[in-house]
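The model shown is predicted, which means the values in this text are computed figures rather than measured ones.
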Protein chains: 2
Amino acid sequence: MNVDAPSSVPAKAIAEAISQIKQVLGDKGWLEEPTDTLKYRTDWRGGTVGEALLVARPDSTEQVSRVVRLCHGAGIAVTAQGGNTGLVLGSIPTEPQPSIVVSLDRMMKIRALDADNFALVAEAGCVIQTLQQAAAEVGRLYPLSLASEGSSTVGGTLSTNAGGNNTIKFGNAREQVLGLEVVLPDGTVFEGLNTLRKNNTGYDLKQLFIGAEGTLGIITAAAMRLMPAPKLRETAMLSVPTPEAAQTLLSRARELSGDTVIAFELMPRRCIDLAMKHIEGIVDPIDTPSPWYVLIEMATSSEIDDLRGKLEAIFGEAMENGLVTDGVIAESETQRAQIWRIREEQAEAGRREGGSISCDVSVPVSRVAEFLAQAREMCERELEGVQLNTFGHMGDGNIHYGIRKPESMSDAAWGQRKGDMSDRISALCAEFGGSFSAEHGIGGLKREDFRRYTPPSRVALMQAIKAAIDPDGVMNPGKIF
Amino acid sequence: MNVDAPSSVPAKAIAEAISQIKQVLGDKGWLEEPTDTLKYRTDWRGGTVGEALLVARPDSTEQVSRVVRLCHGAGIAVTAQGGNTGLVLGSIPTEPQPSIVVSLDRMMKIRALDADNFALVAEAGCVIQTLQQAAAEVGRLYPLSLASEGSSTVGGTLSTNAGGNNTIKFGNAREQVLGLEVVLPDGTVFEGLNTLRKNNTGYDLKQLFIGAEGTLGIITAAAMRLMPAPKLRETAMLSVPTPEAAQTLLSRARELSGDTVIAFELMPRRCIDLAMKHIEGIVDPIDTPSPWYVLIEMATSSEIDDLRGKLEAIFGEAMENGLVTDGVIAESETQRAQIWRIREEQAEAGRREGGSISCDVSVPVSRVAEFLAQAREMCERELEGVQLNTFGHMGDGNIHYGIRKPESMSDAAWGQRKGDMSDRISALCAEFGGSFSAEHGIGGLKREDFRRYTPPSRVALMQAIKAAIDPDGVMNPGKIF
């Protein structure tokens with residue numbers, strides 16, 4: 001056990017609390033040996049390993065409550081952890097103070113599933129894919145869909161307000177939540193689980209914990225809305241001459257499709273080239289190359305809808321007025337998967353290509369094209385020979401802005417320059433009324449950006465909330481603020 | 001000027017602050033004579049008139065800020081007011097302490113409207129109908145729709161998280177909000193206006209002010225999302241044998257319609273009878289009487305959708321399996337209006353019939369039928385000869401539960417009994433995991449219910465938030481808590 005307590009916290013009190021926590025959890029409920037706890041202390045990207053006195057693995061809300069109460073009493077910090085797939089150092093301890101990790105990975109039950117209420121209640125450790133499958137079995141859709149859905153969890157996606165591919169239609173994680181159960185910093189259980197659609201009885205406190213990255217409490221369970229399961233789905237890759245054309249296409253597609261567009265991804269030619277270069281089995285979907293592409297997907301729960309007819313109408317009209325120059329509609333599930341793979345393998349292809357940074361930014365949907373143009377101009381001015389890979393969820397104005405080291409630049413020079421380039425993208429975003437962190441959050445990684453781009457009135461209010469709910473600062477210290 | 005200051009607040013400081021407030025606002029910006037201020041101090045239902053030193057009518061956020069700062073300094077309470085159409089005594093001063101009303105009725109500009117961003121920014125005093133029209137002019141829909149939309153405002157509907165008819169499809173007022181501008185209790189302006197779809201940069205503070213009924217600050221402007229404007233609409237009145245049948249029909253209609261159901265209202269036969277008795281021009285929509293009816297409306301932005309085909313498929317399938325026994329599809333806008341009038345005139349018809357109470361409750365959508373059965377049993381057991389009129393937004397589990405004085409009961413006896421009956425409905429709701437105030441909020445009227453049915457952990461957290469943001473308790477005292 002590695003007790004590096006600051007002098008203000010008596011080591012004896014800490015050791016005593018840890019011992020009591022072990023008793024609360026039972027033999028299967030904790031890990032202590034550094035080799036056993038390593039994976040819980042290691043950031044998903046692999047570069048950072050934190051310290052933890054213990055990894056607690058409670059199997060009930062009551063256990064979480066008792067563990068947190070003991071930590072609160074002894075001044076031990078608590079970092080809650082879901083699938084540990086976050087990208088901003090949010091789910092491992094990063095501060096020198098004595099900490100434990102509370103992993104929710106044993107709390108994975110679906111407590112209730114009610115198809116006619118279009119709702120379910122699941123524990124925090126339940127994996128998103130498990131939820132999706134459970135919903136599908138009763139003819140419903142749990143709409144959140146993201147690359148990490150095989151390992152990310154209810155608690156993690158809610159604590160980070162995860163986004164993903166289908167936000168344009170269904171909103172972020174926040175929009176799926178009907179009610180929450182949360183263990184507060186002193187161990188009190190906030191009982192806010194309900195599945196009501198209308199309930200105006202005071203402040204909507206659950207909203208505070210969504211996207212708070214574990215700094216206000218630990219989400220132990222959530223009630224979430226479901227949608228009717230899709231029966232028909234249509235997917236196409238369309239060649240567009242410019243991002244402006246993609247923007248106009250997006251508006252028209254939402255209208256003409258009856259708002260059945262569930263994904264609208266913008267990609268430059270470079271995405272196709274990178275995927276074909278690095279990923280086995282990727283095929284160029286359209287014979288003639290185009291500077292830009294749109295991946296559009298539509299879905300409906302109505303088996304009697306003419307969804308294909310709508311997609312063809314959108315495609316045909318856009319060809320006529322020059323918004324689209326070519327395209328392919330997926331004729332099979334295999335072809336659909338091939339199209340999606342180009343988009344989904346971008347992270348891996350970029351990693352293999354090496355030497356790049358990616359900024360997760362957003363601007364108003366109608367200003368994506370303008371932002372891309374100004375950002376390109378800035379990048380080319382600052383970095384001769386720069387290569388950009390800028391793709392993402394255009395339907396939400398959310399661009400993953402990739403900047404690659406110019407070939408002629410040394411690794412050392414790039415190492416010195418890349419932080420500055422990231423800052424410049426964030427600053428440009430701010431000029432567009434945009435966000436320097438669209439999906440990924442702040443965590444331990446983007447605190448400097450947070451301080452720089454957040455209006456003082458907003459920071460002050462956040463600090464007041466933090467002080468009101470976690471006055472001792474035991475919940476996930478070193479994150480956000 | 002009526003300065004009833006408690007001894008702790010010097011009357012001189014108050015008079016001085018009022019004088020300064022007048023200067024800030026200019027001649028057109030305030031009202032003081034009791035006859036002039038009467039309508040701002042009178043509750044919409046007419047029974048309650050509050051006291052106010054002044055009605056401030058600022059025309060800018062800066063004026064609101066300066067007025068609130070002066071009130072804060074002098075210990076004057078501030079009640080913000082929008083259209084003053086609330087039903088729970090939330091928008092007039094009700095406490096003995098010195099108060100002003102801040103009416104937002106001069107702040108009615110639409111600051112920005114961006115069709116391709118599916119968003120607009122409007123000031124708090126902007127009337128909902130004005131928003132709806134502005135959106136429609138650029139091919140968009142502002143989805144909130146409620147009976148009072150001709151006078152209710154952006155600020156009022158957000159502060160009360162208004163619901164209405166189309167919640168099943170588009171959510172409550174909360175779900176429409178992308179960003180807020182709020183004047184905090186000390187006069188600071190919280191600058192949270194943005195139109196981003198993804199923005200994970202700290203706590204989502206705007207959520208706190210939505211549904212807070214003016215107890216945490218004054219919403220001065222809001223950025224809100226828009227949807228593609230509907231091009232096709234279908235409306236039908238269907239006879240259903242039981243609420244259970246209506247529930248099953250609802251699930252199937254959501255599926256088969258491709259989730260284009262925008263309203264699903266349940267009504268008993270009594271609704272038709274009452275409307276025909278009291279309202280000019282109401283016609284029985286279906287020849288053979290039925291114990292229950294469903295008003296269903298579907299809409300889509302796709303002009304090439306076969307929406308009628310979908311409605312007919314739903315109707316046909318439901319007739320075959322006995323969920324629906326008869327029905328009429330509106331063949332014209334006139335016929336559609338006739339059908340809707342039956343639903344919309346229920347409040348007026350109930351008022352003319354006289355001697356009834358209405359509880360605004362919600363339960364999980366799948367338990368509406370069970371709740372109605374148990375509530376009826378309870379009412380009939382408690383009140384011999386009781387007449388019930390229980391209708392509402394079944395798609396949201398939101399029932400307006402009307403209980404009428406039995407004919408044989410004296411007005412005096414009813415006066416003694418009706419509070420108890422309302423309590424019993426609230427208590428039954430709680431057993432169903434429901435809400436004693438689905439749409440209307442707490443205000444000054446439902447504080448006792450709030451104290452009775454809210455878990456202590458929730459009350460404590462709300463009090464901590466209130467103390468953190470409004471430590472002096474100047475914002476709309478006597479409401480919620």
Side-chain angles (χ1 to χ4, degrees), chain A residues 114 116-117 161 163 167 172 188-191 194-205 207-208 211-212 227-228 247 251 254-259 300-302 304-305 310 313 362 364-366 396-398 433 435 437-442 450 455 457-458 461-462 464-465 468-469 480, chain B residues 114 116-117 161 163 167 172 188-191 194-205 207-208 211-212 227-228 247 251 254-259 300-302 304-305 310 313 362 364-366 396-398 433 435 437-442 450 455 457-458 461-462 464-465 468-469 480:
Chain A
D114 181 347
D116 278 339
N117 192 26
N161 187 28
T167 303
N172 298 294
T188 306
V189 180
F190 167 74
E191 290 161 7
N194 73 67
T195 58
L196 303 175
R197 263 55 179 195
K198 286 182 174 166
N199 179 26
N200 280 340
T201 53
Y203 308 158
D204 192 3
L205 296 167
Q207 304 289 352
L208 275 175
M227 306 300 285
Q247 247 169 234
S251 286
R254 286 191 66 184
E255 290 165 9
L256 198 49
S257 74
D259 213 25
T300 177
S301 65
S302 175
I304 56 174
D305 197 283
K310 286 173 185 163
S362 68
V365 177
S366 55
D396 321 311
N398 176 201
S435 171
S437 193
E439 295 189 311
H440 298 167
I442 311 287
F450 172 73
S457 64
R458 192 152 175 259
L461 204 48
M462 279 179 60
I465 299 294
I469 298 179
I480 301 184
Chain B
D114 181 347
D116 278 338
N117 193 27
N161 187 29
T167 303
N172 297 292
T188 307
V189 180
F190 167 74
E191 290 162 6
N194 74 65
T195 59
L196 303 174
R197 263 52 180 197
K198 286 182 175 168
N199 179 25
N200 280 339
T201 54
Y203 308 157
D204 192 3
L205 296 167
Q207 304 290 353
L208 275 175
M227 306 301 285
Q247 248 169 236
S251 285
R254 286 193 65 184
E255 290 165 7
L256 197 49
S257 73
D259 213 25
T300 176
S301 66
S302 175
I304 57 174
D305 197 283
K310 286 173 184 162
S362 68
V365 177
S366 56
D396 320 311
N398 177 200
S435 171
S437 192
E439 295 189 311
H440 298 169
I442 311 288
F450 171 73
S457 65
R458 194 154 172 258
L461 203 47
M462 280 180 59
I465 299 295
I469 298 180
I480 300 185

(request) Would you mind telling me which of B:Asn199, B:Val365, B:Thr167, B:Thr300 has the largest number of heavy-atom pairs within less than 4.5 Å of chain A? (result) B:Asn199
(request) Can you tell which part of B:Pro455 gets under 4.5 Å to a heavy atom of chain A, answering side chain, backbone, both or neither? (result) side chain
(request) Mind listing the closest non-hydrogen atom pair of A:Leu208 and A:Ile465 along with its distance? (result) CD2-CG2, 3.8 Å
(message) Is B:Phe190 in contact with chain A via its backbone, its side chain, both, or neither, using a 4.5 Å heavy-atom distance?
(response) both
(request) Heavy-atom distances under 4.5 Å only: say whether A:Ser257 touches chain B with side chain, backbone, both or neither. (result) backbone
(message) Under a 4.5 Å cutoff for heavy-atom pairs, which residue among B:Gly397, B:Ala464, B:Ser362 has the most contacts with chain A?
(response) B:Ser362
(message) Need one label for B:Ile442: side chain, backbone, both or neither, based on atoms under 4.5 Å from any heavy atom in chain A.
(response) both
(request) Could you tell me whether the side chain of A:Ser301 and the main chain of A:Pro228 form a donor-acceptor pair under 3.5 Å? (result) no
(request) For residues A:Gln247 and A:Ser366, report the shortest heavy-atom separation together with the two atoms involved. (result) NE2-O, 2.9 Å
(message) Heavy-atom cut-off 4.5 Å, strictly under: side chain, backbone, both or neither for B:Asp305 against chain A?
(response) both
(request) Quick one: which of A:Glu191, A:Met227, A:Lys310 has the most heavy-atom pairs under 4.5 Å with chain B, could you say? (result) A:Lys310
(message) So which residue, B:Val189, B:Asp259, B:Asn194, ends up with the most heavy-atom pairs under 4.5 Å with chain A?
(response) B:Asp259
(message) Does either side chain, that of A:Thr195 or that of A:Asn117, offer a donor lying less than 3.5 Å from an acceptor on the other one?
(response) yes
(request) Identify the heavy atoms of B:Ala438 and B:Asn398 that sit nearest to each other, and give their distance. (result) CB-ND2, 3.3 Å
(request) Let me know if A:Leu196 has heavy atoms under 4.5 Å from chain B in its side chain, its backbone, both or neither. (result) side chain
(message) Can you tell me which of B:Thr201, B:Asp396, B:Asn172 forms the most heavy-atom pairs within a distance under 4.5 Å of chain A?
(response) B:Thr201
(message) Out of B:Arg197, B:Met462, B:His440, return the one with the most heavy atom pairs under 4.5 angstrom to chain A.
(response) B:Met462
(message) Is B:Asp114 in contact with chain A via its backbone, its side chain, both, or neither, using a 4.5 Å heavy-atom distance?
(response) side chain
(request) Return yes if a side-chain donor-acceptor contact under 3.5 Å exists between B:Ser251 and A:Asp116, otherwise no. (result) yes
(message) Can you give me the closest heavy-atom contact between A:Ile304 and B:Ala313, atom names plus distance?
(response) CD1-CB, 3.6 Å
(message) On a heavy-atom basis, which atom in A:Ile480 and which in A:Ala212 lie closest, and how many Å separate them?
(response) CD1-O, 3.5 Å
(message) If you count heavy-atom pairs within less than 4.5 Å of chain B, which of A:Ile469, A:Thr188, A:Leu205 leads?
(response) A:Leu205
(message) With a 4.5 angstrom heavy-atom cut-off, is it the side chain or the backbone of A:Asn161 that approaches chain B, or both, or neither?
(response) both
(request) Determine the minimum heavy-atom distance between B:Arg458 and A:Tyr203, stating which atoms define it. (result) NH2-O, 3.0 Å
(request) Output the option from A:Gly441, A:Gly211, A:Pro364 having the highest count of non-hydrogen pairs under 4.5 Å with chain B. (result) A:Pro364
